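Reading through the structure tokens given below for one structure.
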Amino acid sequence: MVSTLNAQTRTIAERLGHPRDAKLLILHADDLGVAHSENAASFDALDRGAINSGSVMIPTPWVTEVVEYAKRNPDVDLGVHLTLNSEWATYRWGGVAPRDETPSLHDTDGMMPRQPRTVATRARPDEVERELRAQIDRAYALGFRPTHVDSHMGALYETPELFATYVKVARSYRLPFLHCIEQPAPANVALLTPADIVPDAVVMATEPASPAQWMEFYISAVCNLKAGLTEFLLHLGHDDAELRAVTVGWDAFGSRWRQQDYDVLTSAEFRQALTDNGVVLVTWREIQKAMYPAP
């Protein structure tokens, strides 16, 4: 899942202060705020240095727990996981902006739709912009300063219109942004500029597998890293009663899936693979500083 982007005089690695051929990696946990279990696993991985970045779902019930963690750890690298859908069967949320001002973003029950494709076919760009700004503003109001933005389940990568709105909002807040989950659409890539710093590749497990296969997938991904910037999209959680209830009916991205991500990332084997392959860990905070230097 590699995007071929602008041929700059300086590589991304050089712009971030590393040798031209460095293998840079962001170990990034999505979905903070969705459940206490998700938060606890992610906080532990951050504290242990097993991951170095994450993003927060502002509309979700456990977001204030993340904010308190961020206040205790002001250097933590956390962005806003911009959220326009609510996928779970029995656990749902609506948006942050007033719902009477964003009707195209909600089902008749007042909740966000389950599928990103519904967002793509129904959402009005002006209402999307209103909701995205409301989520970022809410993050600031709660007391943490995001380092970047990305898109829950890739909803904002679905159409050029949604992507253009997303990029417009990100730039207006001086926030770098993730531009894809899978291969980026050519129309979306066309909106990037040489000033943008986005990953050359994004890696995410997408098929259910055994713990041994899970470890093999991630170790292989580390061993096959190319020079440039890669992000591992991770979903950490504990396979407990709370997360099983939240993710009921899901195998992929369910509680066992998230436990396996946690187990691999906190393992000695994974850490050794990073060392053996000369991987340099970087954060979105570093990217933000490179894109938007302080005056």
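As a basis for the values below, the full set of heavy atoms in this structure was taken, side chains included, without hydrogen atoms, waters or symmetry mates. Computed from a predicted model, the values in this text were never measured in an experiment.
- At least one donor-acceptor pair closer than 3.5 Å links the side chain of Arg99 to the backbone N or O of Gly110.
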| request: Decide side chain to side chain contact (heavy atoms under 4.5 Å, CB included) for His148 and His28; before the verdict, give the C-alpha distance in whole Å, the side-chain angles of both, and the deciding distance to 0.1 Å. | output: CA-CA 12 Å; His148 64 286; His28 187 278; 3.0 Å; yes
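- A distance-only check finds a donor-acceptor pair linking the side chain of Glu242 to the backbone of Ser37 [under 3.5 Å].
- Using the six-membered ring where Trp is involved, Trp93 and Tyr91 have ring planes that are perpendicular, over 60° apart on the 30 and 60° scheme.
- Expressed to the nearest 0.5 Å, how far CG of Leu178 lies from CG of Asp30 amounts to 8.5 Å.
- Atom CZ of Phe177 sits about 9.0 Å away from atom OH of Tyr157, to the nearest 0.5 Å.
- The cluster map of Ile, Leu, Val, Met, Phe, Trp and Tyr, joined by side-chain heavy atoms under 4.5 Å apart, puts Tyr292 and Val149 in the same cluster.
- Here the shortest heavy-atom pairing between Ala139 and Val80 reads CB-CG2, 3.9 Å.
- Between Asp47 and Arg72 there is no salt bridge, since no side-chain nitrogen of the basic residue lies less than 4.0 Å from a carboxylate oxygen of the acidic one.
- A 4.5 Å side-chain heavy-atom check between Leu243 and His238 finds every atom pair outside the cut-off.
- Put simply, the side chain of Glu158 never gets that close to the backbone of Arg117: no donor and acceptor are under 3.5 Å apart.
- Distance alone, capped at 3.5 Å, is enough to place a donor-acceptor pair between the Asp109 side chain and the Met111 backbone.
- Judged as a salt bridge (charged side-chain N to carboxylate O under 4.0 Å, His left out), and not counting sequence neighbours, Arg285 has no contacts.
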| Stepwise side chain to side chain contact (heavy atoms under 4.5 Å, CB included) check, Gln260 with Val264 | CA-CA 6 Å; Gln260 289 184 170; Val264 169; 5.5 Å; no
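- Judged by distance alone, with hydrogens and angles left aside, the side-chain atoms of Glu38 form no donor-acceptor pair with the main-chain N or O of Arg258 at under 3.5 Å.
- For Glu207, there are no side-chain contact (heavy atoms from CB on, under 4.5 Å) partners two or more places apart in sequence or in a different chain.
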| task | Determine, stepwise, if the pair His179 / Tyr166 fulfils side chain to side chain contact (heavy atoms under 4.5 Å, CB included). | result | CA-CA 9 Å; His179 69 307; Tyr166 164 68; 5.8 Å; no
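- Contacts of Met291 classified as side-chain contact (heavy atoms from CB on, under 4.5 Å), with partners at least two apart in sequence or in another chain: Pro176, Asp196, Ile197, Ile287.
- A donor-acceptor contact shorter than 3.5 Å is absent between the side chain of Arg130 and the backbone of Ala97.
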| query | Would Glu127 and Ser104 satisfy side-chain hydrogen bond (donor to acceptor under 3.5 Å, both in side chains), going step by step from the backbone distance to the final call? | reply | CA-CA 7 Å; Glu127 295 178 17; Ser104 72; 2.6 Å; yes
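- Closest approach of Ala41 to Leu236, counting heavy atoms only: CB-C, 3.9 Å.
- At a cut-off of 3.5 Å, with distance as the only test, a side-chain donor of Asp137 or Tyr173 sits close to an acceptor on the other residue.
- Val248 and Val246 fall into different hydrophobic clusters, defined by Ile, Leu, Val, Met, Phe, Trp and Tyr side-chain heavy atoms under 4.5 Å apart, directly or through other members.
- Inspection of the Ser210 and Gln213 side chains reveals an N or O donor paired with an N or O acceptor under 3.5 Å.
- Judged purely by atom type and a 3.5 angstrom limit, Arg271 uses its side chain to pair as donor or acceptor with the backbone of Gly49.
- A donor atom on one side chain and an acceptor atom on the other are not found under 3.5 Å apart for Ser255 and Arg244.
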| request: Let me see the working for Trp88 and Thr247 under side chain to side chain contact (heavy atoms under 4.5 Å, CB included), right down to the final yes or no. | output: CA-CA 6 Å; Trp88 307 115; Thr247 64; 3.6 Å; yes
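- Closest non-hydrogen pair, Leu27 versus Ile51, comes out as O-CB, 3.4 Å.
- For the pair Gln288 and Arg145, the minimum side-chain heavy-atom distance is 4.5 Å or more.
- When the salt bridge (charged side-chain N to carboxylate O under 4.0 Å, His left out) test is applied to Glu286, no partner is found at least two apart in sequence or on another chain.
- Judged by distance alone, with hydrogens and angles left aside, the side-chain atoms of Arg20 form no donor-acceptor pair with the main-chain N or O of Ala13 at under 3.5 Å.
- Side-chain contact, Thr283 with Asn52: no donor N or O sits under 3.5 Å from an acceptor N or O.
- Between the OG1 atom of Thr193 and the CG atom of Leu191 there is a distance of 10.0 Å, given to the nearest 0.5 Å.
- Side-chain contact between Asp261 and Phe253: absent, with no pair of heavy atoms (C-beta onward) separated by less than 4.5 Å.
- Judged purely by atom type and a 3.5 angstrom limit, Glu14 uses its side chain to pair as donor or acceptor with the backbone of Thr11.
- The list of ring pair (Phe, Tyr, Trp, His ring centres under 6.0 Å) pairs with a residue in residues 45-68, not counting sequence neighbours, reads His36-Trp62.
- The distance from atom CD of Glu269 to atom OG1 of Thr266, rounded to the nearest 0.5 Å, is 9.5 Å.
- Under the ring-ring contact (aromatic ring centres under 6.0 Å, His included) criterion, His106 pairs with no residue, sequence neighbours left out.
- Linking ILVMFWY side-chain heavy atoms closer than 4.5 Å, directly or via other members, places Met215 and Met204 in a single hydrophobic cluster.
- Among residues two or more places apart in sequence or in another chain, the side-chain contact (heavy atoms from CB on, under 4.5 Å) test is passed with Lys168 by Glu129, Arg133.
- Although no hydrogens or angles enter the test, the distance criterion places a donor-acceptor pair under 3.5 Å between the side chain of Asn39 and the main chain of Gly33.
- Taking 4.5 Å as the limit, every side-chain heavy atom of Leu156 sits out of range of all side-chain heavy atoms of Thr165.
- Checked against side chain to side chain donor-acceptor pair (under 3.5 Å), Arg114 has no partners two or more places apart in sequence or in another chain.
- Every salt bridge (charged side-chain N to carboxylate O under 4.0 Å, His left out) that Asp126 has, sequence neighbours left out, goes to Arg124.
- For the atom pair Ile26 CD1 and Ser53 OG, the distance stands at 6.0 Å (nearest 0.5 Å).
- At least one side-chain heavy atom of Leu105 sits under 4.5 Å from a side-chain heavy atom of Val128.
- Closest non-hydrogen pair, Asn85 versus Pro116, comes out as ND2-CD, 4.0 Å.
- Following chains of ILVMFWY side-chain contacts shorter than 4.5 Å, one can reach Phe217 starting from Leu25, so the two form part of one hydrophobic cluster.
- Sequence neighbours left out, the pairs with a member in residues 64-85 that pass ring pair (Phe, Tyr, Trp, His ring centres under 6.0 Å) are Phe43-Tyr69, His81-His152.
- Every residue two or more places apart in sequence or in another chain was checked for a side-chain contact (heavy atoms from CB on, under 4.5 Å) with Pro186, and none qualifies.
- With rounding to the nearest 0.5 angstrom, the CD1 atom of Ile136 is 7.5 Å from the OH atom of Tyr140.
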Mind listing the side-chain donor-acceptor pairs of residues 221-234 below 3.5 Å, one per line with the distance, residues two or more places apart or on another chain?
from   : atom 1 : to     : atom 2 : distance (Å)
Asn224 : ND2    : Ser220 : O      : 2.8
Asn224 : ND2    : Ser220 : OG     : 3.2
Glu231 : OE1    : Trp284 : NE1    : 2.8

